[in-house]
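A quick write-up on the structure given underneath.
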Protein chains: 2
Amino acid sequence: MLRQNGLSCQSSCEIDLRDATKQLELLGKVESLKGRKRGSKRDPEAKKQLLIKATLDTIADIGVTDTTVSRICERSGLSRGMIHLHFGGKDNLLTAAAQHFSAQYYSEMDRMTDLGPDASPEDRVMAVIEADLSEALLNPRSTKIWHAFRGIASSHPGIARYSSTQDHRLVETLRLAFSEIAQQNGRDANLVDDATSGTLALMEGMWVNYLTDMQGFSRRRSVKLIRRFLCGLFPGKFKL
Amino acid sequence: MLRQNGLSCQSSCEIDLRDATKQLELLGKVESLKGRKRGSKRDPEAKKQLLIKATLDTIADIGVTDTTVSRICERSGLSRGMIHLHFGGKDNLLTAAAQHFSAQYYSEMDRMTDLGPDASPEDRVMAVIEADLSEALLNPRSTKIWHAFRGIASSHPGIARYSSTQDHRLVETLRLAFSEIAQQNGRDANLVDDATSGTLALMEGMWVNYLTDMQGFSRRRSVKLIRRFLCGLFPGKFKL
DNA sequence: ACATTTAATGGACGATCGTCCATTAATGAC
DNA sequence: GTCATTAATGGACGATCGTCCATTAAATGT
């Protein structure tokens with residue numbers, strides 16, 4: 001499936017590459033580089049990405065326990081030697097997959113919370129919550145992968161680094177927003193910290209709820225639940 | 001596994017029954033049961049418990065991925081054939097271990113939340129929270145095991161049944177308490193549900209925080225954080 | 001005392017694990 | 001076109017996996 005898609009793209013790009021080198025020299029060089037990255041039949045970086053993708057898919061499908069080198073290679077359509085060649089071993093591939101997954105989460109989170117510069121702090125907080133609970137970030141595949149990685153994190157230091165929601169930027173985004181809200185009417189020094197850490201904890205809990213019972217889960221109700229808690233924390237704010 | 005358990009139980013009961021008919025009828029039955037359980041050198045049930053204990057310890061130590069039959073037997077001091085003999089295979093042992101772990105959690109939770117019959121609903125809620133975050137329930141061993149099981153739950157149906165905090169009794173305990181609090185001054189139909197589910201979610205999040213950063217974790221602050229959220233949800237209640 | 005039943009052992013078994021490498025195929029340089 | 005370089009293959013390798021069973025040991029029944 002993915003393999004077919006990749007192959008057809010590769011062959012067409014190869015033709016473009018030859019045409020370009022025939023006509024121009026300097027430009028052709030640059031283009032061939034770009035073309036190489038995209039479509040050439042020999043593209044190590046693309047293969048690495050393909051292996052990472054296959055690893056994550058396999059974990060989501062059959063769990064980390066049954067995710068073996070053979071299974072990953074079978075799914076990616078690549079030979080068994082590729083993992084050792086590109087990553088030096090299964091462990092490094094798993095770590096790279098965790099890193100990729102984490103980066104993808106935050107990338108999508110950034111994209112969805114890019115409000116204007118004059119957005120209210122309440123809106124910014126709610127944007128983070130709604131993004132975290134959106135189908136783009138919270139879906140069967142991502143929850144399974146996420147909890148699978150966390151489950152083995154404590155015995156796999158390389159993965160532990162990427163199995164925490166406590167990404168610095170995200171924490172600071174929330175803390176800054178809560179700080180703006182609190183300075184108007186707050187006095188407790190821990191209010192901002194508690195709101196930040198509590199919001200993250202509530203989102204974690206919602207992910208667990210989703211994993212445990214996908215049928216009965218409601219994104220709308222989950223968002224409203226967190227908003228209700230925040231409304232209690234900051235009276236007058238976060239009103240529906 | 002269950003079948004074997006049933007068989008051994010049957011035979012022992014049969015034996016006890018015959019002894020009892022020889023000497024005394026009712027009392028003999030009880031005594032021979034107790035004596036066999038405690039002192040006999042051949043005690044299948046004790047071996048089963050020993051294997052479950054060793055399984056949980058191994059998971060906490062080196063993670064589910066590296067928890068093999070050999071490793072479990074090595075730790076328990078028993079021979080490699082015992083797992084197949086007593087549980088019929090590794091999978092059943094893992095499931096039994098998850099069940100045991102879950103039962104132990106709720107047993108301890110019950111013990112710590114057994115307040116008098118005239119305890120206020122607020123006190124009952126806080127008792128649950130404080131128990132959940134106490135060292136008896138929240139410690140390095142239990143967090144590692146808990147998240148390890150949850151990580152493989154989605155690809156291991158037998159374990160999934162025991163990897164949810166949403167134990168019925170615990171949920172009902174909280175819901176009842178929140179219901180009593182809310183009926184005095186609440187009108188929103190979802191308030192009780194949100195308080196219940198939000199409290200569980202916050203506790204989940206605290207467990208994740210503990211797993212992620214045991215050094216920086218503070219039980220006291222975590223309890224206060226949740227209390228603060230509940231105080232916001234039920235103004236006037238849960239005051240420090 | 002002996003016979004019977006059950007607990008427990010530990011090695012055999014095939015399958016599969018992850019790693020590594022000799023080989024082949026494709027590419028870039030001249 | 002030829003050569004050097006690099007990507008990619010797929011099988012060999014020893015280790016270890018989980019399962020199973022012939023055997024031994026212990027407890028029970030007669």
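Every chain is numbered from 1 and lettered A, B, ... according to where its sequence line falls, protein lines coming before strand lines.
Under 3.5 Å, the side chains of S70(B) and R80(B) contain a donor-acceptor pair of N or O atoms.
E172(A) pairs by the side chain to side chain donor-acceptor pair (under 3.5 Å) definition with nothing, not counting sequence neighbours. Listed by chain and residue number, nothing satisfies the salt bridge (Lys or Arg N to Asp or Glu O under 4.0 Å) test with D66(B) (two or more places apart in sequence, or in another chain). Not counting sequence neighbours, D91(A) has no partner by the salt bridge (Lys or Arg N to Asp or Glu O under 4.0 Å) test. For Y162(B), the ring-ring contact (aromatic ring centres under 6.0 Å, His included) test picks out no residue, with sequence neighbours left out.
If you measure from atom CD of E45(B) to atom P of dA27(D), you get 18 Å, rounded to the nearest angstrom. Computed from coordinates, the I62(A) CD1 to dT16(C) P distance equals 13 Å when rounded to whole Å. Between the CG atom of N92(B) and the P atom of dG18(D) there is a distance of 14 Å, given to the nearest Å. Between the NE2 atom of H86(A) and the P atom of dT9(D) there is a distance of 8 Å, rounded to whole Å. In this structure, L94(B) atom CG and dC17(D) atom P are separated by 14 Å, rounded to whole Å. Distance NZ (K48(B)) to P (dA8(C)): 12 Å, rounded to an integer number of Å. Whole-Å rounding puts the R71(B) CZ to dC17(C) C1' distance at 13 Å. Taking atom CE on M82(B) and atom P on dG18(D), their separation rounds to 17 Å, with Å as the unit.
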Polar pairs (N or O, both sides) under 3.5 Å between protein and nucleotides 19-23 of chain D?
residue : atom : partner : partner atom : Å
dT19(D) : OP2  : K90(B)  : N            : 3.0
dT19(D) : O4   : R80(B)  : NH2          : 2.6
dC20(D) : OP2  : H84(B)  : NE2          : 3.0

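The shortest distance between side-chain heavy atoms of H86(A) and N92(A) does not fall below 4.5 Å. Side-chain contact between H84(B) and V69(B): absent, with no pair of heavy atoms (C-beta onward) separated by less than 4.5 Å. Side-chain contact check for R124(B) versus T113(B): every heavy-atom pair is 4.5 Å or farther apart.
OP1 or OP2 of dC17(C) sits under 4.0 Å from a side-chain N or O of T68(A). Listed pair S70(B) / dT16(D) fails the phosphate criterion, with no side-chain N or O lying under 4.0 Å from OP1 or OP2. The side chain of K47(B) places an N or O atom within less than 4.0 Å of a non-bridging phosphate oxygen (OP1 or OP2) of dA8(C).
A heavy atom lying under 4.0 Å from DNA chain D marks none of the residues of residues 50-61 of chain B.
Between T67(A) and G77(B), the residue anchored closer to the 5' end of DNA chain C is G77(B), taking for each the nucleotide with the nearest heavy atom.
Between H147(B) and W207(B), the angle of the ring planes lies from 30° to 60°, which puts this pair in the tilted group.
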